[in-house]
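Because only heavy atoms are used, hydrogens play no part in the values below, and waters and symmetry mates are left out as well, while side chains stay in. Owing to the predicted nature of the structure, the values given are computational and were not obtained by experimental measurement.
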Amino acid sequence: MTEKTTNNSLELINAIQIYFDAIHYCDVQKLNAIFHNKSSLFDVDKGNVFMESITSFSEDVAGRISPASKNQKPEYEILMIDMLSSFCATVKIRIRVHENIFVDHLGFVNGENGWQIVSKIWHLEQIINK
């Protein structure tokens, strides 16, 4: 592994952490920094495709009660990183938000603003009953 590849990998992992923190703290400033302004988010619920812009998602996150404010400890993991090149990567993560556990596929590009998410496909994997 070259030094450039190692640096790119570390920068990507730092970008993933920004995503985790943005969701856990409902930090819209971090969310808007880590998502490219033209990114799109997708889900399929009962066979219906749902698409959301980052602007809409950001507004949704801004209106949420953060897991951090409920004293929920951060629960997340990186399941896979696929470096397509030093400029493109696909990342699969699992993250808990309150009682919901999501699996996300995040498409990252390394452009003029560093690593940013350009696409997100998510799935509600599990709801934890208390």
Inset, instruction - Return each pair, listed once, that meets side-chain hydrogen bond (donor to acceptor under 3.5 Å, both in side chains) where at least one residue sits in residues 65-79; pairs must be two or more places apart or across chains. - result: Q17-Y76, S66-S69, E75-R96, E77-R94
Legend entry - ILVMFWY network linking V44 to F42, side-chain heavy atoms under 4.5 angstrom: yes
Inset, instruction - May I ask you to decide if I65's main-chain N or O and H98's side chain share a donor-acceptor pair within less than 3.5 Å? - result: yes
Legend entry - L41 vs F35 side-chain heavy atoms within contact, under 4.5 Å: yes
Legend entry - Euclidean distance, C26 SG relative to R64 CZ, rounded to 0.5 Å: 6.0 Å
Inset, instruction - Identify the heavy atoms of Q116 and A33 that sit nearest to each other, and give their distance. - result: NE2-O, 3.0 Å
Legend entry - same_hphob_cluster(V103, F108) at 4.5 Å side-chain heavy-atom cutoff: no
Inset, instruction - Only counting residues at least two apart or in another chain, list the ones meeting salt bridge (Lys or Arg N to Asp or Glu O under 4.0 Å) with D104. - result: K120
Legend entry - Least distance between heavy atoms, S58 atom then V28 atom: OG-CG1, 2.9 Å
Legend entry - Side-chain (S56) to main-chain (S53) donor-acceptor, under 3.5 angstrom: no
Legend entry - Distance, nearest 0.5 Å, that separates CD1 of I101 from CD of Q126: 4.5 Å
Inset, instruction - Please check if any side-chain donor atom of T90 sits under 3.5 Å from a side-chain acceptor atom of D82, or the reverse. - result: no
Legend entry - Derivation of the side chain to side chain contact (heavy atoms under 4.5 Å, CB included) call for I23 and I95: CA-CA 9 Å; I23 299 299; I95 187 168; 3.8 Å; yes
Legend entry - Cluster check L106, F50: I/L/V/M/F/W/Y, side chain < 4.5 angstrom: yes
Legend entry - Interatomic distance, I54 atom CD1 to S119 atom OG [nearest 0.5 angstrom]: 11.5 Å
Legend entry - Path from V97 to F20 over hydrophobic side-chain contacts below 4.5 Å: yes
Inset, instruction - Decide whether F102 and I121 are clustered together by the hydrophobic rule: side chain heavy atoms of Ile, Leu, Val, Met, Phe, Trp, Tyr closer than 4.5 Å, transitively. - result: no
Legend entry - Between CD1 on residue I78 and CD1 on residue I13, distance to nearest 0.5 Å: 5.5 Å
Legend entry - Test item: D27 side-chain N/O and K30 main-chain N/O as donor-acceptor pair under 3.5 Å: yes
Inset, instruction - Could you tell me whether a side-chain N or O of W115 sits under 3.5 Å from a main-chain N or O of N8, the two making a donor and an acceptor? - result: yes
Legend entry - Minimal non-hydrogen separation, E11 against N110, with atom names: OE1-ND2, 4.4 Å
Inset, instruction - Step by step, work out the side chain to side chain contact (heavy atoms under 4.5 Å, CB included) result for M83 and L12. - result: CA-CA 10 Å; M83 297 293 291; L12 177 58; 3.5 Å; yes
Legend entry - Stepwise side chain to side chain contact (heavy atoms under 4.5 Å, CB included) check, I16 with I93: CA-CA 9 Å; I16 298 165; I93 59 109; 4.3 Å; yes
